[in-house]
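One structure below.
Just so it is clear: chains get the letters A, B, ... in the order the sequence lines come, proteins before strands, and each one is counted from 1.
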Amino acid sequence: MSNIRISGLTVEYGIEGQPRHLALEDVSFEVCSGEFFCVVGASGCGKSTLVSAIAGFVPPKAGRVEVDGEAIRGPGPDRGVVFQEYALLPWRTVIDNVALGLKFRGVGRDERRRQAAEYLKLTGLEQAAEKYPHELSGGMKQRTAVARTLVMSPKVMLMDEPFAAVDAQTRVVLQQELLRICAAQKMTVLFVTHSVEEAVFLGDRVMVLGRPPHQIKDMIAIDIPREERDWGTIATDPRFAVLSGEVMNRVRGN
Amino acid sequence: MSWSAQTKMLKGASGIAAILLLWQLSVYVVDVPPHFYPSPAAVWRAFIEMTEKGILPSYIADSMLRYLLGVLIGTAIGCALALLIASSKLAMRMLGPMIDFLYYMVELAWIPLFVIWFGFGLPTILVAVVYVVIWPVLFNSLSGIRSIQPSLILAARSLGGSRWQVLREVVLPGMLPQAVNGFRVAAGFAFRALIFGELIGAQSGIGYLIFESTTHLQTDRTVLGMICMGLLWLFIDRNYLRPFEKATIDRWGMVVSHDS
């Protein structure tokens, strides 16, 4: 069953007085329910625009975005968005940041703090509940942002290079944690990255995106079971090396 | 009170006493008519007289009321305009240059026109004070809104925040540190506008006292007015503005310096 269906999606960006920039042209693909779907490509290929379009931040010039069979109209909590720059409210504590969407939904203070606390536990942030974002490391900030979207029980989670700003050691830990959490929540994920290794490590499928026209360069299934996705062992796994090489080739345009 | 604070106050008080003494002595030395160079004793007598007649207290009350009303109304209008303008790109482009210009137009220049439009008294003073408060508040609030990370607003919208909820949870707190900066500047401008306004456009108040007494050569009252003006500003600054500034820095300072 497909969860996200993109058909003929075309998105243009324009700054007044400049020729309009075609970010996405006639892009079509589907993401299955519960799938971890990675989009990889060089910078400027329109992969962030893809997230913005599915999130409902930018209206498409043509084409449709459907989530669970419904065409999207503007942003909404059914699609959780995780940004590279965390986008946490600096004046709110971790738990209040996580509870923000529940507050918007009209959930009472005690109930939303109770629910937020559950997701803090899931993301390993119990100790940080009453801290402010500036007191956190990059990794903890991104855990907070993930908890903030999960607490809304979204149909899909859209992640735009979420780990690009954290250090390498933390990134490895976060990637494994993310897989664990998404499996536990049976979450559908569309994950955008410029890192081939990250895409192959995380994804059930990897879509290689290039510049228009014919943007979808390839769609590669990563047939390594989720249980075997562990940085301790996967680095020496020949399947991982082969698939990474294949994706890398497609990104380079061969 | 601690010993060092006591000696500090004692030193300060003796400094003021020395100035008063020198001033009184200089009156004997220069030997000019009292209306030309009033002595501290004459100013003191004017203070007693005007207080007993109830003129001074009512003037001070008038000035304070105008100041307070003007600052409150001006701040409210400035913030509201900032939010309105920021919510529309067109308004931002159309009004941006004008705001910059009006911000630099000295408030004094408007007062004669305000007198024609609104007559002598409260409306003119109020308009003058409101006018000078609006621009720094608007200017700073706008730059506060512009400094909010776009992804914060996108994140709030994708979490289901309505326009109003995003305004309350993201835009208002995000602009607050800069709006407070603008308010502090405005509070100083407002006091000057009050005194200038009263010099020209009022029939009561501290500014009026300074202006009116000079035309009658009651310079002891003029000096009294000047002293009251200084004390009033000292009072406002120490009791309200500085604690307010400190409170906002304590609460929001970290927000400004650490981008997260």
Checklist entry - What closest approach, in Å, do A/Leu88 and B/Leu152 show between heavy atoms, and which atom pair accounts for it? => result O-CD2, 3.2 Å
Checklist outcome for this item: Looking only at heavy atoms, the pair that brings B/Gln165 and A/Phe104 closest together is NE2-O, 3.0 Å
Item to check | Which of A/Leu100, A/Asp78, A/Thr149, A/Leu102 touches chain B most, by non-hydrogen pairs under 4.5 Å | outcome: A/Leu100
Checklist outcome for this item: Most heavy-atom pairs under 4.5 Å with chain B, out of A/Pro77, A/Gly101, A/Gly138, A/Ala145, belong to A/Pro77
Checklist entry - What parts of residues 41-65 of chain A touch chain B if we use heavy atoms and a cut-off under 4.5 Å? => result A/Phe57
Next on the checklist: To the nearest 0.5 Å, what is the distance between CG on B/Leu154 and CZ on A/Phe83?
Outcome noted: 5.0 Å
Checklist outcome for this item: If one checks every heavy atom of A/Arg92 against chain B at 4.5 Å, the contacting part turns out to be side chain
Item to check | Heavy-atom neighbours of A/Arg109 CZ exceed 12 at 6.0 Å | outcome: no
Next on the checklist: Taking the side chain as everything from C-beta on, heavy atoms only, tell me whether B/Ser151 gets closer than 4.5 Å to A/Val81.
Outcome noted: no
Next on the checklist: Strictly less than 4.5 Å between heavy atoms, which residues of residues 155-164 of chain B line up against chain A? Please order them by number.
Outcome noted: B/Ala155, B/Ala156, B/Arg157, B/Ser158, B/Leu159, B/Gly160, B/Gly161
